[in-house]
Protein chains: 2
Amino acid sequence: MGSADVPDIVIGRLPIYLRALNFLLEEGKEITASQELADKLGISSAQIRKDLSHFGEFGKQGTGYEIRYLREQLRKILKVDREWDVALVGAGDLGHAIAHYGNFDRNGFHVVAVFDHNPRKIGAKMGRFRILDSESIPTVIQDMGIQIAIIAVPAESAQQVADTLVEAGIRAILNYAPITLNVPPGVQVQYIDPVVYLQRMTYYL
Amino acid sequence: MGSADVPDIVIGRLPIYLRALNFLLEEGKEITASQELADKLGISSAQIRKDLSHFGEFGKQGTGYEIRYLREQLRKILKVDREWDVALVGAGDLGHAIAHYGNFDRNGFHVVAVFDHNPRKIGAKMGRFRILDSESIPTVIQDMGIQIAIIAVPAESAQQVADTLVEAGIRAILNYAPITLNVPPGVQVQYIDPVVYLQRMTYYL
DNA sequence: CACCTTTTGTGAAAGATTTCTCTGTCATTT
DNA sequence: AAATGACAGAGAAATCTTTCACAAAAGGTG
C-alpha cells in the first residue's frame, strides 16, 4: 500500500483502467468486476486486481467494484483529481492539432501557453491561442508555475527546448519529437513517436 | 536466432535503436558501441547487446558496431527495408496533422488514402489528399492491398472503424482514439493516447 | 438460516526480463 | 611480437512481473 515504490509498469496501466471506467460509466453502468475490465482491455483479471491491490482495497467480494468510487480513487492516485496547466512548444501542424485536441481539456489538462521560434508565427493567433516567443519560455513557465510541457518541434531542436523547459522548472515532458531526450533525474519524460509504433508492427507482418 | 519468438518487449526497442543509429549516421559517425547507444538512450549496454543477440552477431569485439551495417540489419528485421502504404481514417484536426506528418514518408510509410464519414468533407481536398467516403474503405483497401491503417476518429466510432478495416484485410492498426480496440488475433494494434501518457507522469509529480 | 454462487485480495509459483560477469576477439600501442 | 585496452556475446544469477489457486466475504436463494 502507500505510494512507496509501486512498479512503473503498474502505474502505466492505471490510466487505461481509468479510461475504461469512464467508458463504462458513460454506458450507464454502476458496478463492474475485474473480469469485465479484463475482457474489455485484454489484460488478465488477476493482473488488474493485483495492480489495484498496491493502493488499497477498492472492491467488494462477490460483487465487484463500484465504478464511480474506483474511478475517484484512481484519479486521486494519478493526481488527476485536479486541473493541470500545460505549456506547448511548437506551433506547426502537430502543435496545431495538439492545441485543439479536445481530450486534453476534457481530462483536466489545459494548454495555457503556446510557444514557437518562428518570427512569422510569434504574435499570431492559432485558434484561441496567441503564439508566444520561445525566448519567453523561462519567464512564462515560471510566472505561471507550469509543471508540464509538450514538445512538438523538429527533432533537431527538441533537446535544446527540453533543456530550456527543465531549466524553467518543468517536471514532466510529453515529447512528440523523434529523439530520446536527456533530462536530469526527477524529470518525467514520455514519448510519442508514431513511426516507432508502426515499425514495431511491421515486424509481425 | 531466427525470428522464432523474440520477446515483444525486445521488438519494441528495436525502432529506438534504429532511430539512434540514423541520428549517429547523420552526425557523420561510422562506428558506435553498445555503451555509446546506452548513454544516448538511457538503456543498459548489456540490454542492447542482449536484444541484438536475438537476431545474430552484428558487432565486432574490441571495436563495436558498424552503424550503416547494423542499421541495415535492423531495417530488415523490422521489415522497414521497404515502403509501406497506409490508410488513414478520420480527416479532422488530428487526421490533418497525421496526413502531413513528414516523418512517415521519410521512414517509408506512405499515406495513400484518407477516409472520412462526414458528407461535408467527402470529396474535398485535404492538402494533397482527396477525402474518400468511409463507405469505400473495403473496396479501396482491398484494391490497393493496404495492410496498415491509422485510426484518427472519435472514440465512439473507433471500434466500428476497426471492424471495417480488419474485415477489409488490414493487419496493423495505429489507433489514436482513446479506447482499447477489440480485434481478432493476428491483427496488430498500437495505441497513441497522449492523455494516458500525461496521467502516467502526473503520478510522479 | 444454511447453502450456493460470485468475486475480491493475496501468498506462492511460474515465467519473463534484466543485469552481472566472464571469456574471447580485435585493434592499437609499445 | 607481445602487451594492453576495448568491447561483443553469452551463460548464470538476480530481479521483476504475471499468473495461479484458494480462503474469505458478500449477496442471493430455497
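Order of the sequence lines fixes the chain letters, A, B, ..., with proteins taken first and strands second; residue numbering starts at 1 for each chain.
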task = List the steps, then state whether salt bridge (charged side-chain N to carboxylate O under 4.0 Å, His left out) holds for B:Asp81 with B:Lys76.
result = CA-CA 5 Å; B:Asp81 56 340; B:Lys76 266 186 203 142; over 6 Å; no

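Counted by atom type alone, B:Asn22 and B:Arg19 present zero donor-acceptor pairs between their side chains at under 3.5 Å.
When the shell of 6.0 Å around CD of B:Glu167 is examined, it contains 12 or fewer heavy atoms from other residues, nucleotides or ligands. Other residues, nucleotides and ligands contribute only 12 or fewer heavy atoms inside 6.0 Å of the CD atom of B:Gln160.
Going from atom CG of A:Leu70 over to atom C1' of C:dG9 covers 14 Å, rounded to whole Å. Taking atom CD of residue B:Glu57 and atom P of nucleotide D:dC7, one finds them 18 Å apart after rounding to whole Å. Following rounding to the nearest Å, B:Gln35 (CD) and C:dC20 (P) show an atom-to-atom distance of 12 Å. For B:Leu37 and D:dA8, the CG to P distance is 9 Å, given to the nearest whole Å. A:Ile31 places its CD1 atom 12 Å from the C1' atom of D:dA26, with the value rounded to the nearest Å. The distance from atom CZ of B:Phe58 to atom C1' of D:dA10 is 15 Å, rounded to the nearest whole Å. As a whole-Å value, the separation of A:Glu66 CD from D:dG27 P is 12 Å. Residue A:Ile67 contributes atom CD1, which lies 16 Å from atom C1' of C:dT8 at whole-angstrom precision.
Ring geometry, A:His100 versus A:His96: the interplanar angle falls from 30° to 60°, so the pair is classed tilted.
In this structure, A:Ser34 does not reach the C:dT7 phosphate: none of its side-chain N or O atoms is under 4.0 Å from OP1 or OP2. In this structure, A:Lys60 reaches the D:dG27 phosphate: one of its side-chain N or O atoms is under 4.0 Å from OP1 or OP2. Contact annotation: A:Tyr65 side-chain N/O to C:dT6 OP1/OP2 distance is not under 4.0 Å.
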query = Which letter, B, S or -, goes with each nucleotide of nucleotides 15-23 of chain D from 5' to 3', with contact meaning a protein heavy atom under 4.0 Å?
reply = --SSBBB--

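For the atom pair B:Gln199 CD and B:Thr202 OG1, the distance stands at 6.5 Å (nearest 0.5 Å).
The minimum heavy-atom distance linking A:Phe58 with A:Leu52 is given by the pair CE1-O, 3.5 Å.
Residue B:Ser45 is classed as having no contact, given no heavy-atom separation below 4.0 Å to the nucleic acid.
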